[in-house]
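Here it is: the structure, laid out below.
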Amino acid sequence: MTGRLEGKVTFITGAGRGQGRAHAVKQGSEGAKVIAIDICENIESNPYPLSSWDDLQETKALVEKAGSQCLTVKADVRSRDQLADAMEQGVKEFGRLTTVCANAGILPMAMGDPNPTDFQDAVDVDLLGVMNAVRVAIPHILSAGREGSIIITGSTAGMMPNTLSPARDPKNMMGPGSAGYGWAKRILISYTEEMALHLSPYGVRVNCIHPTNVNTHLIHNDGIYAMFRPDLEVVTREDFIPSSEYFQALPIPWLEPEEVADLVCFLASDESKNITGDNIRIDAGSYIKWPNGPA
Ligand SMILES: NC(=O)c1ccc[n+]([C@@H]2O[C@H](COP(=O)([O-])OP(=O)(O)OC[C@H]3O[C@@H](n4cnc5c(N)ncnc54)[C@H](O)[C@@H]3O)[C@@H](O)[C@H]2O)c1
């Protein structure tokens, strides 16, 4: 532990696994106390399972192993009340909130009959869930000082044209859920700039990171595999590698969650104290390779 986040209290959504867990462990290892929340159940229209309570407990154990403390709360980012309650519990336990990682997200691609409500289901989590987390955090961050860092997780999907709905962009054949994902991530770009402006006078920073493919359940599931390898009946992780590698300029199939966590830790720390309102790509060159969307 090097203590870059000593004295900080960080609230992380979607902390049961994947990038959220990596944020919890990394920030814990740097001295932050962690309030880790996750839905711990599935969302019906999302075609792959979400984290369980046991997953969230595993995150807690890993944060403790890294030398810090972790409070876990089951909460759905679609419910502002549940988030407010979780934050209340965390602040009671650890003191003043300094950091928010609005990370929870789903990519509900319909494989079969596309359902228009999938668009809304994606937006509810990927956009409104972020806004809910930020909304309930602001009074806490402002109540006891003028310092704070809000880090939102976007996606390169929000920067590339072919994540719009198929009606607008025939290259996107992934249905309304995927279009909702891309739209939500796109809106997060201007939301970040807007909130950063409003919070700057109070010394609170807001930034958004935009990763390319990351080695988590969000890409490693049957739906994504079938989408990218329609030529195969059974698709393995190895079969998926070339399709995933295709997105990045650097010759890698995906980022590791811990690599994204390093960037988020920097944004949570005072080392980034003059950075706000930024949309930061961590994409191994995927945007410069495909500014008009992958061919
Ligand atoms: N994996 C990728 O390729 C990739 C690329 C770019 C951006 N992202 C973004 O990164 C973020 C983290 O995703 P990940 O890659 O770790 O995927 P993941 O599926 O492994 O983790 C997402 C976590 O969010 C939780 N979650 C989902 N809906 C929730 C809700 N309503 N309330 C609370 N928790 C909820 C899940 O249970 C899960 O633990 C998401 O915002 C995602 O859109 C992922």
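Model, not experiment: these values are computed from the prediction. Remember, it's 1-based here, ligands and their atoms both numbered in the order they're listed.
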Tell me whether Lys60 is salt-bridged to Glu64, with the criterion being a basic N under 4.0 Å from an acidic carboxylate O.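 Looking at Lys60 and Glu64, the cut-off is met.
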Any Ala22 heavy atom less than 4.0 Å to ligand 1: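 It does not; every heavy atom stays at 4.0 Å or beyond.
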Qualifying residue for side chain to side chain contact (heavy atoms under 4.5 Å, CB included) with Ile35, from Leu97, Thr10, Ile12: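 Testing Ile35 for a side chain to side chain contact (heavy atoms under 4.5 Å, CB included) against Leu97, Thr10, Ile12 leaves exactly one candidate, Leu97.
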Does the distance from a Lys or Arg side-chain N to an Asp or Glu carboxylate O, for Glu41 and Lys74, drop under 4.0 Å?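 Yes, this pair counts.
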Closer than 4.0 Å to some heavy atom of Asn103 - which atoms of ligand 1 meet that?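 This gives 11 (C), 12 (C), 40 (C), 41 (O) as the contact atoms.
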Which of the atoms of ligand 1 are close to Gly105, meaning less than 4.0 Å from one of its heavy atoms?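 The atoms of ligand 1 under 4.0 Å from a heavy atom of Gly105 are 22 (C), 24 (O), 27 (C), 40 (C), 41 (O).
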Proximal atoms of ligand 1 relative to Ser155 (non-hydrogen, under 4.0 Å):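 Numbered from 1, ligand 1 contributes 6 (C), 7 (C).
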Considering only the protein, which heavy-atom contact is closest to atom 20 (O) of ligand 1, and what is its distance?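 Scanning the protein heavy atoms, the shortest distance from atom 20 (O) of ligand 1 goes to Arg17 NE, 3.0 Å.
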With backbone taken as N, CA, C and O and side chain as the heavy atoms from C-beta onward, which portion of Val125 lies under 4.0 Å from ligand 1: side chain, backbone, both, or neither?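 It is the side chain that gets close, since no backbone atom is under 4.0 Å.
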Which residue supplies the protein heavy atom nearest to atom 14 (P) of ligand 1, what is that atom called, and how far is it?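 The closest one turns out to be Thr216 OG1, 3.4 Å.
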For Ala75, state whether at least one heavy atom is located under 4.0 Å from any atom of ligand 1.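 Yes; Ala75 lies near enough to ligand 1 that a heavy-atom distance drops under 4.0 Å.
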In the protein, which heavy atom is nearest to atom 24 (O) of ligand 1, and how far is it?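 Looking at atom 24 (O) of ligand 1, the protein heavy atom closest to it is Gly14 CA, 3.4 Å.
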When you look for heavy atoms under 4.0 Å from ligand 1, do you find them on the side chain of Lys185, its backbone, both, or neither?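 It is the side chain that gets close, since no backbone atom is under 4.0 Å.
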Looking only at heavy atoms of Gly129, does any of them come nearer than 4.0 Å to an atom of ligand 1?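 No; Gly129 lies far enough from ligand 1 that no heavy-atom distance drops under 4.0 Å.
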Got a second to check how far Thr59's OG1 is from Arg17's CZ, nearest 0.5 Å?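 Spacing of OG1 (Thr59) from CZ (Arg17) equals 10.5 Å.
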Between Leu232 and Tyr225, is the side-chain contact (heavy atoms from CB on, under 4.5 Å) condition met? List the steps. CA-CA 9 Å; Leu232 299 175; Tyr225 281 11; over 6 Å; no
Ala104 neighbourhood, listing ligand 1 atoms whose heavy-atom distance to it stays under 4.0 Å: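 With Ala104 as reference, the close atoms of ligand 1 come out as 24 (O), 26 (N), 34 (N), 35 (C), 41 (O).
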Ligand-residue contact atoms, ligand 1 with Gly18, heavy atoms, under 4.0 Å: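 Those atoms are 16 (O), 20 (O).
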If the threshold is 4.0 Å, N to carboxylate O, is there a salt bridge linking Glu258 and Lys26?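 Salt bridge between Glu258 and Lys26, a charged N being under 4.0 Å from a carboxylate O: no.
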Please state which protein non-hydrogen atom is closest to atom 2 (C) of ligand 1 and give its distance, to 0.1 Å?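 It is Val214 N, 3.3 Å.
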Proximity of Trp254 to ligand 1 by residue part, where a heavy atom lies under 4.0 Å: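 The answer is neither; Trp254 stays 4.0 Å or more away.
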Between ligand 1 and Asp76, can you find any atom pair, the residue atom being a heavy atom, that is separated by under 4.0 Å?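 Yes, Asp76 has heavy atoms under 4.0 Å from ligand 1.
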Which part of Ile106 is near ligand 1, with near meaning a heavy atom under 4.0 Å away: side chain, backbone, both or neither?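 The part of Ile106 near ligand 1 is the side chain, not the backbone.
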Show me the donor-acceptor pairs within less than 3.5 Å that the side chains of residues 194-205 make with the rest of the protein, sequence neighbours left out.
unit_1	atom_1	unit_2	atom_2	d
Glu194	OE2	His198	NE2	2.9
Ser200	OG	Ala196	O	2.6
Arg205	NH1	Ser272	O	2.8
Arg205	NH1	Ser272	OG	3.0
Arg205	NH1	Ile275	O	3.0
Arg205	NH2	Leu267	O	2.9
Arg205	NH2	Ser269	O	3.2
Arg205	NH2	Ser272	OG	3.0

Quick one: look at Thr212 and ligand 1, take heavy-atom pairs under 4.0 Å, and tell me if it's side chain, backbone, both or neither.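 The answer is the backbone of Thr212.
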